[in-house]
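Quick notes on the structure that follows.
Values below: all heavy atoms of this structure, side chains included; hydrogens, waters and symmetry mates excluded. Below, chain A is the first sequence line, B the second, and so on; all start at residue 1.
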Amino acid sequence: MPTPPNNEAELLDRARRLAGCALGRLARDLGRDTPENLRRHKGWIGELLEHALGASAGSLPEPDFPELGVELKTIPVTRRGLPRESTYVCTVPLEAHGETWQTSWVRRKLNRVLWFPVEAEPDTPLAERRLGTPLLWSPDAEQEDGLRADWEELMDMVCMGGLEAITAHHGSWLQIRPKAANARALTAAVGADGAPILTLPRGFYLRPAFTAEILRRHFALPGV
DNA sequence: AGCTGATCATAT
DNA sequence: ATATGATCAGCT
């Protein structure tokens with residue numbers, strides 16, 4: 001396991017050296033096996049990159065690089081560089097906290113992100129998929145305003161007992177969807193009448209249109 | 001074809 | 001159970 005990077009420049013330098021590398025070769029270099037597919041190994045690419053870059057937070061509720069305040073996110077992309085999936089951000093707090101956007105977990109996580117695009121053509125064997133060019137990002141004022149608006153609207157509903165009325169259709173850039181091992185995993189929340197209920201754990205996700213814009217601005221793909 | 005709701009693995 | 005890492009797969 002590499003030591004954690006000492007600063008952002010070192011992190012970005014390490015990341016850039018991995019651009020173009022096939023997942024199978026990176027795994028072999030790190031002494032890891034490459035699974036046939038991701039069906040039973042959904043977090044494999046993210047964990048591989050954590051290992052390769054010296055991330056240290058493990059499964060703690062911290063950014064991947066705590067000393068730098070940087071979160072690592074892999075992002076599956078088409079050959080045109082467009083995201084194939086939404087991006088998980090964090091769990092939704094379902095019991096009222098009096099939390100504000102400024103202190104929110106979403107904002108802390110998204111304040112500084114190292115995006116790592118990864119080829120994700122279903123026809124390409126996992127081992128042959130290549131890493132793209134990484135990008136160190138912070139939300140600009142417009143992006144943060146939009147995220148804050150979504151977060152406040154969604155969290156108002158959660159705190160007012162409207163959780164069960166929230167679907168993935170809510171939110172322009174940030175949405176709330178289930179985030180659970182399965183449909184039997186339940187957690188405490190506030191029900192419609194303000195009474196405690198048990199419900200499916202939820203997570204905040206960034207819509208693909210939002211991450212597409214992040215990638216587009218930096219790679220300026222012509223004709224896409 | 002894209003999106004929403006559901007699910008898989010691991011560590012603590 | 002809750003945190004981490006996400007993608008799967010059925011429905012519209």
Side-chain angles (χ1 to χ4, degrees), chain A residues 1 4 23 26-27 30 32-66 69-80 82-95 97 104-106 108-110 113-126 129 131-132 134 150 154 163-189 196-213 224:
Chain A
M1 194 73 157
L23 298 181
L26 180 57
L30 296 173
R32 293 185 168 213
D33 292 327
T34 302
E36 278 300 302
N37 58 63
L38 296 176
R39 196 167 66 86
R40 293 188 172 278
H41 303 272
K42 296 181 180 180
W44 182 77
I45 299 176
E47 289 156 9
L48 185 70
L49 266 297
E50 286 181 352
H51 185 172
L53 295 173
S56 59
S59 63
L60 300 175
E62 295 286 337
D64 295 290
F65 302 93
V70 174
E71 177 73 13
L72 171 66
K73 289 291 182 195
T74 61
I75 181 165
V77 295
T78 66
R79 70 181 87 252
R80 285 179 160 63
L82 296 172
R84 296 193 71 93
E85 290 284 352
S86 55
T87 299
Y88 171 68
V89 180
C90 61
T91 303
V92 179
L94 296 182
E95 297 183 288
H97 291 90
S104 71
W105 204 346
V106 172
R108 293 204 313 262
K109 286 251 180 180
L110 296 182
V113 178
L114 180 66
W115 297 101
F116 223 132
V118 184
E119 286 180 342
E121 297 301 328
D123 294 341
T124 305
L126 184 56
R129 298 183 191 176
L131 296 170
D150 284 343
L154 291 165
L163 171 65
E164 292 179 303
I166 297 178
T167 73
H169 297 285
H170 292 87
S172 301
W173 293 342
L174 198 61
Q175 64 180 171
I176 286 180
R177 305 216 306 274
K179 168 63 171 170
N182 56 61
R184 274 73 65 194
L186 299 177
T187 192
I197 60 168
L198 288 178
T199 190
L200 207 54
R202 314 300 165 91
F204 284 111
Y205 294 80
L206 294 174
R207 292 184 180 280
F210 184 78
T211 48
E213 177 65 8
V224 176

* **All salt bridge (charged side-chain N to carboxylate O under 4.0 Å, His left out) counterparts of K109(A), not counting sequence neighbours** => E71(A)
* **Rounded distance in Å - CG (L82(A)) to P (dC3(B))** => 11 Å
* Structure fact -> Overall bend of the helix from dA1(B)-dT12(C) to dT12(B)-dA1(C) (five pairs an end, 10° steps) is 30°
* Using ring pair (Phe, Tyr, Trp, His ring centres under 6.0 Å) as the criterion, list what pairs up with W105(A), not counting sequence neighbours. => none
* Structure fact -> Which of I75(A), T74(A), V113(A) passes side chain to side chain contact (heavy atoms under 4.5 Å, CB included) with T87(A)? Answer is I75(A)
* Qualifying residue, where the test is side chain to side chain contact (heavy atoms under 4.5 Å, CB included) with W44(A) and the options are L49(A), D33(A), L23(A) -> L23(A)
* In Å and rounded to the nearest 0.5 Å, what is the CD1 to CD distance from I45(A) to E119(A)? -> 10.5 Å
* Asked: Which residues, if any, of residues 164-172 of chain A bring a heavy atom under 4.0 Å of DNA chain B?
  -> T167(A), A168(A), H169(A)
* To do: Using the side chain to side chain donor-acceptor pair (under 3.5 Å) rule, collect all pairs that involve residues 165-181 of chain A, keeping only residues at least two apart or in two chains.
  => S86(A)-R177(A), Q175(A)-R177(A)
* **side chain to side chain contact (heavy atoms under 4.5 Å, CB included) between L114(A) and L53(A), worked out** => CA-CA 11 Å; L114(A) 180 66; L53(A) 295 173; 3.9 Å; yes
* Structure fact -> Between Y205(A) and P178(A), the two heavy atoms sitting closest are OH-O, 3.1 Å
* Asked: Closest heavy-atom contact between T199(A) and L163(A)?
  -> CG2-CD2, 3.5 Å
* To do: Using whole Å, report how far CZ of R184(A) lies from P of dA6(B).
  => 10 Å
* Contact state string [nucleotides 5-12 of chain C, B base, S sugar-phosphate only, - no protein heavy atom under 4.0 Å] -> BBBBS---
* Could you tell me whether the side chain of L174(A) reaches within less than 4.5 Å of the side chain of L206(A), counting heavy atoms only? => yes
